[in-house]
Number of protein chains: 2
Amino acid sequence: MSAASETSRLEGTALEAWRSYLQSHAAILRELDAELLAEHGMTTRDYEVLLYLAQADDQRLPMSALAERTMLTRSGITRLVDGLVHTGMIERVSCATDARVSYARITATGYEKLRSAGCSHVRSIERLFLARFTPEETQLLSSLLSRLPGASQPGACTAGDAQAPPDCSVS
Amino acid sequence: MSAASETSRLEGTALEAWRSYLQSHAAILRELDAELLAEHGMTTRDYEVLLYLAQADDQRLPMSALAERTMLTRSGITRLVDGLVHTGMIERVSCATDARVSYARITATGYEKLRSAGCSHVRSIERLFLARFTPEETQLLSSLLSRLPGASQPGACTAGDAQAPPDCSVS
DNA sequence: GGATACCGGTTGACCTGTCAACTACACTTG
DNA sequence: CAAGTGTAGTTGACAGGTCAACCGGTATCC
């Protein structure tokens, strides 16, 4: 039980890549979450859900579609949406053709909230992530990461998604 | 409230890179966690803590050092260690020179557990992450990711750290 | 047109981690 | 050395998420 520093299987660069991948993710998301919470009183999850709804046809999506996009479980989404309904940013709408499904629809207030949070959130993402790379590097990084599992989910963006809400194009 | 698909600020490649980054992380970690749990009844956090301890001098570290490395809060670490103590993989040792600090030390059982979990865990990381890139690409990826915030933490590896425990060099 | 199986959503029990408050000790400083 | 300040760790209350069990509704198939 002494050789704890013996050769390890993942060494040098491989280990470094993996470590950077994990740690940067933890650090960036923590920061994004803190900022969004402090400035707009919402979590990145909330933001994400509002964004999906804003982008969807009729500003609404079935619960399961939300679950898929956010990579949460169905029960997780139920609870998250509960919260957003409670604060008036979302409302539930039942489906006319299939009584099982229930839509979440973003409200006018929710939309406003999203818009006001959007700009600063996107700026944060640029500051913490995109600003570290040249356009070519971003391109490269994108192509590398896209090979990883889960990287090309259906129509999904994940927590902290960057696509700005309408009327917030700043480029 | 109609223009939900208007130009968004992060477009094309930038958005893709960010999305892949987030989604792949979620997918990979979920998978790693599930495997480690199924095959060895431990979480990646547990694994991580055991690994840090195994690598440390005298197989022990103060709680706060563990907190730093794992990027958990001090209270988070207290609870995690509580669990590992309960299952006999770790024991607490008080410090002779400073009565405030309490060490966590890996036990022989913990060490065995770590060793038996190590190989398959590392293989999983290779399968889910490293195998997608050539050595040159890994190198490149590593250098890109290292620019991100948090990527060069003190001596830290994060949840799901890949460094294999001793006697498990498989390369 | 039932029986049966599947699907979408919610709920209860629980786990994990946070924050804030607290304890106990250590270090400085007059 | 007494007072004040900082540091290590734990604890209580809670937020956020999972899993498994469930309920109602739809679709299938004989």
Side-chain angles (χ1 to χ4, degrees), chain A residues 22 25-27 29-38 41-49 60-87 90-105 158-160, chain B residues 22 25-27 29-38 41-49 60-87 90-105 158-160:
Chain A
L22 291 174
H25 181 274
L29 276 214
R30 191 178 289 256
E31 173 74 13
L32 281 178
D33 239 323
E35 286 181 12
L36 201 48
L37 187 63
M42 73 172 64
T43 68
T44 49
R45 293 285 192 203
D46 295 337
Y47 180 86
E48 189 187 3
V49 165
R60 64 175 141 168
L61 285 175
M63 300 297 280
S64 43
L66 276 179
E68 229 181 282
R69 286 171 167 72
T70 56
M71 302 192 78
L72 289 174
T73 59
R74 288 191 328 254
S75 66
I77 258 305
T78 294
R79 297 192 149 108
L80 179 48
V81 165
D82 281 349
L84 289 168
V85 166
H86 190 75
T87 60
I90 278 184
E91 56 195 354
R92 283 182 208 269
V93 182
S94 56
C95 174
T97 73
D98 185 338
R100 288 170 304 179
V101 335
S102 111
Y103 289 104
R105 180 169 61 195
T158 313
Chain B
L22 291 173
H25 181 273
L29 277 213
R30 190 178 292 254
E31 173 73 12
L32 281 178
D33 241 323
E35 286 182 11
L36 202 47
L37 187 63
M42 73 173 63
T43 68
T44 50
R45 292 285 192 203
D46 295 337
Y47 180 86
E48 188 187 3
V49 165
R60 62 174 142 174
L61 284 174
M63 300 297 282
S64 43
L66 276 179
E68 229 181 281
R69 286 171 167 72
T70 56
M71 300 192 79
L72 289 174
T73 60
R74 274 172 309 146
S75 67
I77 259 307
T78 292
R79 298 195 146 106
L80 179 47
V81 165
D82 280 349
L84 289 169
V85 166
H86 190 75
T87 60
I90 277 184
E91 55 196 353
R92 284 181 208 269
V93 181
S94 56
C95 174
T97 74
D98 186 338
R100 287 171 306 179
V101 337
S102 108
Y103 290 102
R105 182 170 61 196
T158 312

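Here the P atom of nucleotide D/dG16 and the CE atom of A/M42 are 13 Å apart, to the nearest Å. Taking atom CG on A/D33 and atom C1' on C/dG17, their separation rounds to 13 Å, with Å as the unit. Between the C1' atom of D/dG25 and the CE atom of A/M63 lies a distance of 17 Å, rounded to the nearest Å. Rounding to whole angstrom units, CG of residue B/L29 and P of D/dG17 are separated by 16 Å. Atom CG of A/D98 is separated from atom P of D/dG25 by 11 Å (rounded to the nearest Å). One interatomic measurement links the two molecules: CZ of A/R74 to P of D/dG24, which rounds to 16 Å at whole-angstrom precision. With rounding to whole Å, B/L84 atom CG is found 15 Å from C/dC15 atom P. If you measure from atom CG of B/L37 to atom C1' of D/dC19, you get 12 Å, rounded to the nearest angstrom.
Inter-residue side-chain proximity for B/L29 and A/L22 is flagged as met; some heavy-atom pair is nearer than 4.5 Å. Taking the side chain as every heavy atom from C-beta outward, B/L36 and B/T43 never approach each other to under 4.5 Å. Between B/R69 and B/E48, the closest side-chain pair of non-hydrogen atoms is not below 4.5 Å.
For the OP1/OP2 pair of D/dG17 and a distance below 4.0 Å, the side-chain nitrogens and oxygens of A/R45 include at least one atom meeting the criterion. When the side-chain nitrogen and oxygen atoms of B/T73 are compared with OP1 and OP2 of C/dG17, none of them lie within a distance under 4.0 Å. Applying the 4.0 Å criterion to OP1 and OP2 of C/dG8, one finds that A/R92 has every side-chain N and O outside that range.
Residue A/S64 is classed as a sugar-phosphate contact, given heavy-atom separations below 4.0 Å to backbone atoms only. B/S75 comes within 4.0 angstrom of a nucleotide base, judged by non-hydrogen atoms across all strands. Across all strands, B/S102 comes closer than 4.0 Å only to sugar-phosphate atoms, never to a base (heavy-atom distances).
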- Evaluate side chain to side chain contact (heavy atoms under 4.5 Å, CB included) for A/R92 paired with A/D82, printing each intermediate quantity in order. CA-CA 9 Å; A/R92 283 182 208 269; A/D82 281 349; 2.2 Å; yes

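Closest to the side chain of B/L80, from the set C/dG17, D/dG9, C/dT18, is C/dG17. Nearest nucleotide to the side chain of A/R100, out of C/dC6, D/dC19, C/dC25: C/dC6.
Residue-to-nucleotide proximity on DNA chain D shows that, of A/L72 and B/G76, the 5′-proximal contact is made by B/G76. Both A/I77 and B/L61 lie close to DNA chain D; mapped to their nearest nucleotides by heavy-atom distance, the more 5′-ward contact belongs to B/L61.
One N or O on the side chain of B/R45 and one on the backbone of B/T70 form a donor-acceptor pair closer than 3.5 Å.
Applying the 3.5 Å distance criterion, the base of C/dG12 shares a donor-acceptor pair with the side chain of A/R79.
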